[in-house]
Amino acid sequence: MKIRSVFDGGALRTEFEKIGIDPKFVPILWKHLFLTLRNSNTEINSPCDWEWEKHVPSLPSSAYTFLRSNFKTPLSSTLHSVFHSSDNLTSKLLIKLHNGEFVEAVIMRYDTRLGKYGGKPRLGGLRATLCISSQVGCKMGCRFCATGSMGFKSNLSSGEIVEQLVHASSFAQIRNVVFMGMGEPLNNYSAVVESVRIMTGSPFQLSLKRITISTVGIIHAINKLHNDLPGLNLAVSLHAPAQDIRCQIMPAARAFPLEKLMNSLQEYQKKSLQKILIEYIMLDGVNDEEKHAHLLGKLLETFEVVVNLIPFNSIGTLSQFKPTSEQKVFNFQKILRGTYDIRTTVRKQMGEDISGACGQLVINAPDKSLGNADPLTDIEDLVI
C-alpha cells in the first residue's frame, strides 16, 4: 500500500508489522522527526534524499530501509508560503500537498490571561491556536463561505492533517487545535479521528479538551463522536434558528433536519457532560433580527452552550450577503444573554486582511504584511 505521510499512523503501523518492526517504534520516529522539523524548516523542502539515520536515531535497520524507499523527504507536504496579518496576530500557511493541491491552515495568537474562569482572570500567558483543514475544498456549499465555492476535491489523510500541526509548530507553540479550516471534518470522519488521536499522543501531547471539531451537523457522525473521542470539544455551525433559513444559506442542511440535529446534540451533551460551542454567522437581514434571537434562545435554552456570534467576512463577488451592523449584533447578544441566560460572545475578527478569517479560506495569495497589536482572548478558552 502507498502511504501518503509518515504521520499516517494506522497505515505506518501496519507496514511496520508486515516487515517485522515493532509498532512501538512509530512514536519514537515521530518524536525525533517532530523535534527536528520544529526547530528547523530548512531541510523539509530539500530535493535530495533525507538522511533518516542522522535525524531519527535508534530505529531498527529495516525501518531505515523502509523509510528511504517510501519517503524521500520527511513530510509529504511542503510549506509553500506564509502570510502575516497587519497586526501580527494571525499567520496563514499555504501548504502544498503531495498531489499538487493546496490547503490552508491559520495560526491565531492569544493571551490566555484575558479569558475568565469562575469570574476570575485565567492564569497563563501568550499561546496560539491552530485552525486546520480536513479536506481540499468542501461539498457543503454554504453560501457565505469561500471554501464552499471551490467544491469538493479530496479528503486529507490523517497524516496530511497532522502535518499542518508540524508546519505550524515552526512558527508558534500550538496549544489549541480547531478543525475549522477547509472542509467538513465529519465528512472525513476516520482520518479526522485518527489525526486527533495522533495529536493527543507522543510527541504532540495535546489535550483532548484543547481540540475542537466543528461541523455543520452531520448527525450520524455526531452520534459516534463521543464514543470515539471522549472529552473532545464539539462546535456546531448552526447559523440559523429555523430549518428554512438554514436551507437557504446552507444547502446541505436539507439532509440534516434541525429537529433531528438538536436531538442528536441533546444526546451528545447527555453523554459528554460538556458545553457545546454554537457558531452563528451574522448575515444582515437574513438571520440577525430580534425575532431570530428569540427563536435561537428558545431552541438552545435547555442546552449548556456557548454561542459565538461571528461577523460576516467579505468574500468578494462570491456572496450576496452583507455584514450585520455592530448595534444589531449587540442587540442580538443582549437578548440571548438577558432573556435566555445563554453565554454569548462575539468573535473578534482575526486575519481578515490576509483572507484568513472565518469563511474566507480559499486558495489565493494575499499580500504579506507585518505589524504589532495586543493579543486577544480565545473562544476555546471560554468553552472549557
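FYI, side chains are in, hydrogens and waters are out, and symmetry mates aren't considered; it's all heavy atoms of this structure.
Of the N and O atoms on the side chains of Y189 and D228, at least one donor lies less than 3.5 Å from an acceptor on the other residue. S154 and Q135 share no side-chain donor-acceptor pair at under 3.5 Å. Under 3.5 Å, the side chains of H84 and T90 contain no donor-acceptor pair of N or O atoms. Remark: the E160 side chain and the S5 side chain contain no N/O donor-acceptor pair separated by less than 3.5 Å. Side-chain N/O atoms of E279 and N308 include no donor and acceptor closer than 3.5 Å. Donor-acceptor pairing under 3.5 Å is lacking for the side chains of S272 and H226.
A donor-acceptor pair under 3.5 Å links the side-chain atoms of N233 to the main chain of K209, judged by distance alone. Under the 3.5 Å distance criterion, the side-chain polar atoms of E290 are left unmatched by any main-chain donor or acceptor of I335. Looking at N155, its side chain never comes within 3.5 Å of a backbone N or O of N188 through a donor-acceptor pair. Side-chain N or O atoms of Q274 include one that pairs as donor or acceptor with a backbone N or O of G231 at under 3.5 Å. Between the side chain of Q164 and the main chain of S133, a donor-acceptor pair closer than 3.5 Å is present. In this structure, the side chain of N287 does not engage the main chain of H292 through any donor-acceptor pair within 3.5 Å. Side-chain atoms of E194 come within 3.5 Å of backbone N or O of G10 as a donor-acceptor pair. Remark: side-chain polar atoms of T339 are not paired, donor with acceptor, to backbone N or O of L336 under 3.5 angstrom.
Residues T212 and L232 are not in side-chain contact: their nearest non-hydrogen atoms beyond the backbone lie 4.5 Å or more apart. You'll find the side chain of L29 reaches within 4.5 Å of the side chain of L59, heavy atoms only.
Residues satisfying the ring pair (Phe, Tyr, Trp, His ring centres under 6.0 Å) test with Y340, not counting sequence neighbours, are H294. The side-chain hydrogen bond (donor to acceptor under 3.5 Å, both in side chains) check on D8 picks up S157, S158, with sequence neighbours excluded. For Q327, the side-chain hydrogen bond (donor to acceptor under 3.5 Å, both in side chains) partners are N331, not counting sequence neighbours.
F204 and F34 have their aromatic ring centers within a separation under 6.0 angstrom.
A distance of 5.0 Å separates OG in S264 from CD1 in I219, rounded to the nearest 0.5 Å. The distance from the CD1 atom of I95 to the CG atom of L156 is 9.5 Å, given to the nearest 0.5 Å.
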With salt bridge (Lys or Arg N to Asp or Glu O under 4.0 Å) as the test, would you mind laying out the steps for K18 and E15 before giving the verdict? CA-CA 5 Å; K18 283 182 181 178; E15 292 302 302; 3.3 Å; yes
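Aromatic ring orientation, H55 versus W50: parallel (interplanar angle below 30°, classes split at 30° and 60°). Using the six-membered ring where Trp is involved, F332 and Y280 have ring planes that are tilted, between 30° and 60° apart.
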